[in-house]
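Note that this is a predicted model, so its numbers are computed, not measured. Every heavy atom of this structure was used, including side-chain atoms; hydrogens, water molecules and symmetry mates were not.
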Amino acid sequence: MLVTKRFTEALTYATELHATQVRKGSDIPYIAHLLGVASIALEYGANEDEAMPLATAEAVSPHFSMMLSKTKVEPLHETAIVHGCTDAHTIPKPPWKQRKEAYIAHLMTASPSVLLVSGSDKLHNARSILKDYRVLGESLWERFQGRKEGTLWYYRQLAITFDLIGKTPLVAELERVVLEIEALALNEGRRKKEEGRRKG
C-alpha cells in the first residue's frame, strides 16, 4: 500500500503541532512517538487512515478538529479511532487505576482498527520503557503515575487482553517486550535485595 499526499499532510501538521513537546520524563521530541506508532501500524498491516499519526490517543486535543480539516481526513472514521484509543473523555480524568481498568475492558469490544492502532501505540510505549529502564534503572518509574507496580500490572493486563482477543504478530511482539520488561524488573529487584544484604 502506498501512502498519499493526505498522509504527508498529516505528518507535516502533526510535526508542527507538537514541535515544542517532548516525551514524558525525557528530551525526546514528542513527534517521535507519533511517527513510531504510525510506522508500527503500517508494518503490521494498517491502511493509511489507521496509520495517521493523529489517530492515537495522544492526538486528542483542542487542535484535533483543526488538524482533520487541514489534512482532509475522513472525520468520523478518524474520530472513532482516536476516541477508541483514549482512556478518558472527561476533565478532570478519573483516577489512574479506574481509567486503566476501563480501557482494558473497552478493548474487548473495540473495532479491528482501534485494536491495531492501540496495539501499535502500546508496543511503541513498551519498547521505550524497556530501552529507558536499561539506562535509568528504577528511577524510570518515577515518571509514571502508576509507578513500577501499577505500570507493570497495566502492560501485563494489556498483553493478556490483546492475546485473548486474538493472537497476531503485533500481539506476540507486545507480549515479548512486556516479558523482557518483567524479567528486567525481577532482576533489578533481586539486585537491590542483594545490595541490601551486603549493606546490612
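Remark: the backbone N or O of Leu11 is paired with a side-chain donor or acceptor of Thr15 at under 3.5 angstrom. In this structure, Glu48 contributes its side chain and Thr4 its backbone to a donor-acceptor pair below 3.5 Å. Arg99 places a side-chain N or O within donor-acceptor distance of the main-chain N or O of Pro94, the cut-off being under 3.5 Å. Side-chain atoms of Glu101 do not come within 3.5 Å of backbone N or O of Gln98 as any donor-acceptor pair. Distance alone, capped at 3.5 Å, places no donor-acceptor pair between the Ser118 side chain and the Leu115 backbone.
Arg147 has no carboxylate O lying under 4.0 Å from a charged side-chain N of Glu142, or vice versa, which leaves the two without a salt bridge. Salt-bridge check for Glu175 with Arg156: passed, with a basic side-chain N closer than 4.0 Å to an acidic carboxylate O. The existence of a salt bridge linking Glu9 and Arg6 is excluded, since no basic side-chain nitrogen approaches an acidic carboxylate oxygen closer than 4.0 Å.
Tyr30 and Thr20 share no side-chain donor-acceptor pair at under 3.5 Å. Side-chain polar atoms of Glu138 and Tyr133 form a donor-acceptor pair below 3.5 angstrom.
Here the straight-line distance linking atom NZ of Lys97 with atom OH of Tyr154 works out to 12.5 Å at 0.5 Å rounding. Taking CD1 of Ile28 as the reference point, atom CD of Gln21 lies at 14.0 Å (rounded to 0.5 Å). Separating the OG1 atom in Thr151 from the CZ atom in Arg143 is a distance of 10.5 Å, to the nearest 0.5 Å.
Using a 4.5 Å cut-off between side-chain heavy atoms of Ile, Leu, Val, Met, Phe, Trp and Tyr, with links allowed through other members, Leu164 and Trp153 fall into different hydrophobic clusters.
Here the closest heavy-atom approach between residue Tyr44 and residue Leu116 is recorded as O-CD1, 3.9 Å.
The one candidate from Asp132, Leu130, Val135 that meets the side-chain contact (heavy atoms from CB on, under 4.5 Å) condition with Leu140 is Asp132.
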